[in-house]
Colleague: 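Got a structure for you, written out below as structure tokens; questions coming shortly.
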Amino acid sequence: MARYDPSTVEPKWRTAWAEAGVDVTRPDPDRPTYYALEMFPYPSGRLHVGHARNYAMGDVNARYQRARGRNLLHPMGWDAFGLPAENAAAERGVDPRAWTLGNIEVMRAELQRLGLAIDWTREFATCDPEYYGLQQAWFLKLWRRGLAYRKEGLVNWDPVDMTVLANEQVIDGRGWRSDAPVERKKLTQWFLRITAYADELLDGLETLDHWPEKVKLMQANWIGRSAGLTLRFDFAGGAPAESGPALAVYTTRPDTLYGASFVAVAPDHPLAEALAERDPAVADFVRRARRGGTSEAEIESAEKLGFDTGIEVIHPFDPTWRLPVWIANFVLMDYGTGAIFGCPAHDQRDLEFARKYGLPVTPVVLPAGQDPASFAIADEAWTGPGRIYNSKFMDGLDIEAAKAAAIQRAEAANQGEGAIVYRLRDWGVSRQRGWGCPIPIIHCPACGIVGVPEEELPVRLPESLDFSRPGNPLARDEAWKAVACPRCGAAAERETDTLDTFVDSSWYFARFPDPRAPEPIGAEAARWLPVDQYIGGIEHAVLHLLYARFVVRALRDEGMLTVDEPFAGLFTQGMVTHETYRRQNGEWVEPGQVRMVQEGSSRRALDAATGEPLIIGDPEKMSKSKRNVVAPADIADRYGVDATRLFVLSDSPPDRDVQWTTAGVEGAWRLVNRIWREFDAPAAPVPSKDGAEQALALRRLTHRTIKQVSEAMDGFRFNSAIARIYEIVSALHALGPGEETERARAEALSVLARLIAPFAPHLAEECWRRIGGEGFVALAPWPAFDPSLAEDDEKVLPVQIDGKRRGEVRAPAGASEEAVRQLVLSDPEIARRLEGVTIRRLIVVRDRIVNLVTG
RNA sequence: GCGGGCGUGGCGGAAUUGGCAGACGCGCCGGACUCAAAAUCCGGUUCUGGUGACAGAGUGUCGGUUCGACCCCGACCGCCCGCACCA
């Protein structure tokens, strides 16, 4: 009996699969397609355990679906543009392209070592000129249709990464990569008009039945549709001429218009800017109001600041009513119209502002049970339900009816229109970076903005990029920039901004079906899209996953795609965490340098070299700074790839975090060996005297296991699937010898090899070969179960008396209520307990339970 | 503040139509094998009382619905996540 040696078995099978082309996808009209995809990695250098779990999970599902008869597409590529390459270039003087391609080599080998059923013939990287050239081609199409445009505006500036960020990339007022506080800057930038699809992106969420509710909710909130009224307040005097005759205000509470006490505009509002130009006091206020940060703490503590412009507007429903116009720091220019009307009684922010500046507070919504004569607002605005009062034509209406009435009145008087407003803003895609996809645009002094002609694509990056100085190397590469205008031939300049790398990842999945097609998305895409199952981290809930949904729609409207949604199914996997260890002085210590000591039921951590006691911290996401990173390659060296795969999937449900522990991997390693022993030299510790009975029991377990594992696989409950595998392995181990048992054993082993194949493909192949299985188990069909064996033909029914378990009876499966009743009442143990009590009810739940209710 | 999720043994977690709570793994305890250790194997392991058969309690807390609740309803407590001066 040979000990299972992954270091020889695993490479052997990977070579065999590669030589046979097992994982290469070929067209097969007889089988339904299945497109399995995991979010492609950024080639940072080495594979992380988090990657290993993500790809193992995707691979388990992909292999399972293939075994179930689907024609599988399971490709891999590289999200290869991005800042780490530039940072490496700046710090170590390496070429970002060489650095990236080198990392890809290393990581491809690491991924391949995981034994993933991936069709590597389709691989590409987003930094391949072929790929980004095609991206430039569709960018130009979008530009011609007005879906890509340039505008000047306030943008999020990351002072550390020295680039602009999209709103989705600002987390808590900080850059998503650099964690530096984001500044506001006025720049001319490229945008993609995602807002044109706001409605469709929101409504489309309802069609995504196989997406987590959480992600759909996050996207819905991010899009943030609200219905209200855009209302014009005519100026009564004092407004600059260029501001026009009226000020537009957006509100979702037109029912409270009679509670208005002021109008306020954002510091960036054109009116405020016009006033600032002629009045230094206004200019000074605007400067102060803009200074406030955007982080949580700053907003919470931010004081309401206002400046009374002296301008007055006329209330749209009452020509005699004048309202003052203020500039206020809490009004946002990029939501609605950048101007509000303040109703302090029913809006907390307006109330704080009114109290500070002595503006009137008039309630117009009366909560139920309040007396209109005495109801007053103190420190808290009333935002709940009630009846409208103090409001002329709306008096007596509820809030919803009053909103409708106000909108109707405003529209009839040509004072405004009902309007839908979104929180979502257009996607700023300009990045002042050198290692990215160049925006294929030429700036001509005569012709203005000119697109690069399609036949000149791709606009390639220069051969070498100089990152020795901060800032965008393209912007100072005069030779690269200089170009003749394609329209008039005059000397012109290339656009030096590159596209946000989230553009690169917003369509790569549509390229894999036809990865060498001359057009961006080849004809094969129609056969495979949408992706059946997409797997990745929750952190992309409103980034990548929203951008991809938008780009697919934009390309569809270009006639390049036929689907509305990129990903029919989505699964967000949890992180891999690890305990942290630190010295008394606070220094972090790597797990490899820690020796764990068990004392009874408590654990202590010691420095392996010095014996110094260490502080054990909570499990956290693996990070270099906390030094709690474990490299999957190191684990695979010790325990093999299959044990590594089994462990990352066995300990927690896939959508939850899993804590990496050495004990856990060792458990998976034990399982690998236990399985192998059953195939290699089945133990027979129990003398078999009841062979037929044992054989039947094993057959029942085998078929029940197929059923349960299949159900668990379908529901992505891989941890439960592995638990069922443990059970059948234990049963095999306890099986005695004999003719009948050996037949049952052969069946169980054949099933077991196929059930473990998605999780531990190398071990499964070796086992399959050992029992003389035909071909590769990787291509073997998933076992089917016999329903008559998967269900027991005799059930043990617990018998409860008044809800407490007091015994059990054995009844044939499906036994009638009457039959079970007879069994229960004739059971001596139950009868003994029922002496002297009356049975009020006897409830029989078929095949489940019996409950006796006594009086 | 708004929205959402989650609270089950020492630990990770099962219990996917309201029907035996704690599957499976880890850890721990005891035993076998061994000169010894590792590995492996066998048994035990929710808590309390009892040598034991057994009895009682038990899924964050309190209450409700039900013959029956980890599961449904209400209130509360705690933790996690997303958004956030969005009019």
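Numbered from 1 within each chain, the chains take letters A, B, ... in sequence-line order. Computed from a predicted model, the values in this text were never measured in an experiment.
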Colleague: Give me the distances for all protein-to-nucleotides 78-80 of chain B N/O pairs that come in under 3.5 Å?
Modeller:
none

Colleague: Quick check: closest heavy atoms across A:Met333 and A:Pro270, and the distance to 0.1 Å?
Modeller: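 Taking A:Met333 first and A:Pro270 second, the nearest heavy atoms are CE-CD, 4.0 Å.
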Colleague: Hey, is A:Glu791 close enough to A:Lys707 for a salt bridge, meaning N to O under 4.0 Å?
Modeller: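 Salt bridge: yes.
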Colleague: Atom CG of A:Asp655 and atom C1' of B:G5: how far apart are they, to the nearest Å?
Modeller: 11 Å
Colleague: For atom P, what is the distance between B:U8 and B:G44, given to the nearest Å?
Modeller: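 Between the two P atoms, the distance is 27 Å.
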Colleague: May I ask you to evaluate whether A:Arg656 reaches the phosphate of B:G13, defined as a side-chain N or O under 4.0 Å from OP1 or OP2?
Modeller: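 Answer yes for this pair, as a side-chain N or O of A:Arg656 is under 4.0 Å from OP1 or OP2.
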Colleague: In whole angstrom, give the distance that lies between atom OH of A:Tyr250 and atom P of B:C85.
Modeller: 17 Å
Colleague: Restricting to non-hydrogen atoms, name the atom on A:Ile194 and the atom on A:Arg425 that form the minimum distance, rounded to 0.1 Å.
Modeller: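 Nearest heavy atoms, A:Ile194 then A:Arg425: CG2-O, 3.4 Å.
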Colleague: Taking the six-membered ring for Trp, are A:Tyr547 and A:Trp427 ring centroids under 6.0 Å apart?
Modeller: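 Yes, they do, as the ring centres are separated by less than 6.0 Å.
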Colleague: Quickly work out the A:Asp268 CG to B:C86 P distance and round it to whole Å.
Modeller: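 After rounding, the gap between these two atoms is 16 Å.
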Colleague: Confirm from the modelled atom types if A:Arg425 and B:C86 form a donor-acceptor pair under 3.5 Å, side chain to base only.
Modeller: yes
Colleague: Would you kindly say whether A:Ser226 and A:Arg423 are connected by a side-chain donor-acceptor distance under 3.5 Å?
Modeller: no
Colleague: Below 6.0 angstrom between ring centroids: does that apply to A:Phe341 and A:His315?
Modeller: no
Colleague: For A:His703, which residues count as a side chain to side chain donor-acceptor pair (under 3.5 Å) partner, sequence neighbours excluded?
Modeller: A:Glu747
Colleague: Are A:Lys304 and A:Phe353 in a cation-pi setup, meaning NZ or CZ lies under 6.0 angstrom from the ring centre and within 45 degrees of the ring axis?
Modeller: no
Colleague: Would you call A:Glu727 and A:Arg704 a salt bridge, taking side-chain N to carboxylate O under 4.0 Å as the test?
Modeller: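 Salt bridge absent between A:Glu727 and A:Arg704.
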Colleague: Between B:G18 and B:C86, how far apart are the P atoms? Round to whole Å, please.
Modeller: 39 Å
Colleague: For B:A87, does either OP1 or OP2 sit under 4.0 Å from a side-chain N or O belonging to A:Tyr335?
Modeller: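 For A:Tyr335, the contact criterion (side-chain N or O under 4.0 Å from OP1 or OP2 of B:A87) is met.
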Colleague: Please list each protein N or O that sits under 3.5 Å from an N or O in nucleotides 60-63 of chain B, with the distance.
Modeller:
none

Colleague: Roughly how far apart are A:Ile340 CD1 and A:Asp347 CG, rounded to 0.5 Å?
Modeller: 7.0 Å
Colleague: Looking at A:His733, does any N or O in its side chain come under 4.0 Å of the phosphate oxygens OP1/OP2 on B:C42?
Modeller: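 Affirmative; the distance criterion is met.
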Colleague: OP1 or OP2 of B:C67 sitting under 4.0 Å from any side-chain N/O of A:Arg841?
Modeller: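 For B:C67, OP1 or OP2 has a side-chain N or O of A:Arg841 closer than 4.0 Å.
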Colleague: So, is B:G4 syn or anti if syn means the angle is within 90° of 0?
Modeller: anti
Colleague: Want to settle it: does A:Tyr422 or A:Asn221 sit nearer the 5' end of RNA chain B, counting the closest nucleotide to each?
Modeller: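 In this pair, the answer is A:Asn221.
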Colleague: Taking the same atom, P, in B:G60 and in B:G7, what whole-Å distance lies between them?
Modeller: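 Each nucleotide's P atom is 8 Å from the other's.
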Colleague: Between A:Arg674 and A:Ser730, is a side-chain hydrogen bond (donor to acceptor under 3.5 Å, both in side chains) present by the stated rule, with each step listed?
Modeller: CA-CA 9 Å; A:Arg674 284 173 61 189; A:Ser730 296; 2.9 Å; yes
Colleague: Describe the nucleic acid contact of A:Val331 in one word from base, sugar-phosphate, nothing, applying a heavy-atom distance below 4.0 Å.
Modeller: base
Colleague: For B:C6 versus B:A14, give the span between their P atoms, rounded off to a whole number of Å.
Modeller: 12 Å
Colleague: Indicate, with yes or no, if the rings of A:Phe647 and A:Trp660 have centres closer together than 6.0 Å.
Modeller: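 Ring-ring flag for A:Phe647/A:Trp660: true, centres closer than 6.0 Å.
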Colleague: Counting only side-chain heavy atoms from C-beta out, which of B:C67, B:C86, B:G4 sits nearest to A:Asn851?
Modeller: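 Nearest nucleotide to the side chain: B:C67.
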Colleague: Under 4.0 Å between any heavy atoms, over every strand shown, what does A:Val853 touch: base, sugar-phosphate, or nothing? Just pick one.
Modeller: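 Sugar-phosphate only.
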Colleague: Taking only the P atom of each, what is the distance from B:U46 to B:A38 in whole angstrom?
Modeller: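 Each nucleotide's P atom is 26 Å from the other's.
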Colleague: Measure from the side chain of A:Thr251, starting at C-beta and using heavy atoms only, and say which of B:U40, B:A87, B:G19 lies closest.
Modeller: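 Output: B:A87.
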Colleague: Quick one: which of B:C67, B:G4, B:U40 gets closest to the side chain of A:Ile843?
Modeller: B:C67
Colleague: With a 4.0 Å cut-off on heavy atoms, is A:Arg253 in touch with a base, just the backbone sugar-phosphate, or nothing at all?
Modeller: sugar-phosphate
Colleague: In whole Å, measure the gap between the P atoms of B:G56 and B:G31 for me.
Modeller: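 The answer is 33 Å between these two P atoms.
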Colleague: Does any donor atom in the side chain of A:Tyr639 or A:Thr662 lie under 3.5 Å from an acceptor atom in the other side chain?
Modeller: no
Colleague: Is it true that A:Arg833 and A:Glu829 make a salt bridge, defined as a side-chain N closer than 4.0 Å to a carboxylate O?
Modeller: yes
Colleague: Looking only at the side chains, is there a donor atom on one of A:His578 and A:Gln659 sitting less than 3.5 Å from an acceptor on the other?
Modeller: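 Result is no, nothing qualifies.
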Colleague: Tell me, what's RNA chain B's dot-bracket, Watson-Crick or G-U with both distances under 3.5 Å, | for other-strand, [ ] crossing?
Modeller: (((((((..(((......[....)))((((((.......))))))((((....))))..(((((..]....))))))))))))....
Colleague: Tell me which donor-acceptor pairs under 3.5 Å the side chains of residues 569-577 of chain A have, and how far apart each pair is, sequence neighbours excluded?
Modeller:
from	atom 1	to	atom 2	distance (Å)
A:Gln573	OE1	A:Gly537	N	3.4
A:Thr577	OG1	A:Val658	O	3.3

Colleague: Drop me the distance from A:Leu202's CG to A:Ile223's CD1, to the nearest 0.5 angstrom.
Modeller: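 It comes to 5.0 Å.
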Colleague: Starting at CD of A:Gln659 and ending at C1' of B:G10, how long is that distance when rounded to a whole Å?
Modeller: 14 Å
Colleague: With rounding to the closest Å, how many angstrom separate the C1' atoms on B:G30 and B:U66?
Modeller: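 Rounded to whole Å, the distance is 44 Å.
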Colleague: Summarise how protein sits on nucleotides 21-26 of chain B as a single string, 5' to 3': B when a protein heavy atom is under 4.0 Å from the base, S for sugar-phosphate-only contact, - for no contact.
Modeller: --BSSS
Colleague: Which sits closer to the 5' end of RNA chain B, A:Trp222 or A:Ala339, going by the nucleotide each is nearest to?
Modeller: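 Of the two residues, A:Trp222 wins.
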Colleague: Using the C1' atom on both, measure B:G5 against B:C85 and round to a whole Å.
Modeller: 26 Å
Colleague: Is a salt bridge present between A:Glu303 and A:Lys356, judged by a nitrogen-to-oxygen distance below 4.0 Å?
Modeller: yes
Colleague: Rounded to whole Å, how long is the line connecting atom CD of A:Glu817 with atom P of B:G19?
Modeller: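 So the CD-P distance, A:Glu817 to B:G19, works out to 17 Å.
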Colleague: So A:Arg704, base contact, sugar-phosphate only, or nothing? Heavy-atom distance under 4.0 Å.
Modeller: nothing
Colleague: How close or far is atom P of B:C41 from atom CG of A:Asn673, stated in whole angstroms?
Modeller: 9 Å
Colleague: By nearest atom, which of the nucleotides B:C81, B:C83, B:C85 is closest to the A:Arg423 side chain?
Modeller: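 Nearest to the side chain of A:Arg423 among the choices is B:C83.
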Colleague: Which one, B:C20, B:G12, B:G19, comes nearest to the side chain of A:Pro798?
Modeller: B:C20
Colleague: Check the distance between B:G1's P and A:Asp347's CG and give it to me in whole angstrom.
Modeller: 16 Å
Colleague: Measure from the side-chain heavy atoms of A:Pro653 and tell me the nearest of B:U16, B:G68, B:G13.
Modeller: B:G13
Colleague: Any side-chain N or O of A:Lys804 under 4.0 Å from OP1/OP2 of B:A57?
Modeller: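 It does, given that an N or O in the side chain of A:Lys804 lies less than 4.0 Å from OP1 or OP2 of B:A57.
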Colleague: Which of the following nucleotides, B:G13, B:G68, B:C86, is nearest to the side chain of A:Ser652?
Modeller: B:G13
Colleague: A:Glu213 has an atom CD; how far is it from atom P of B:G3, in whole Å?
Modeller: 17 Å
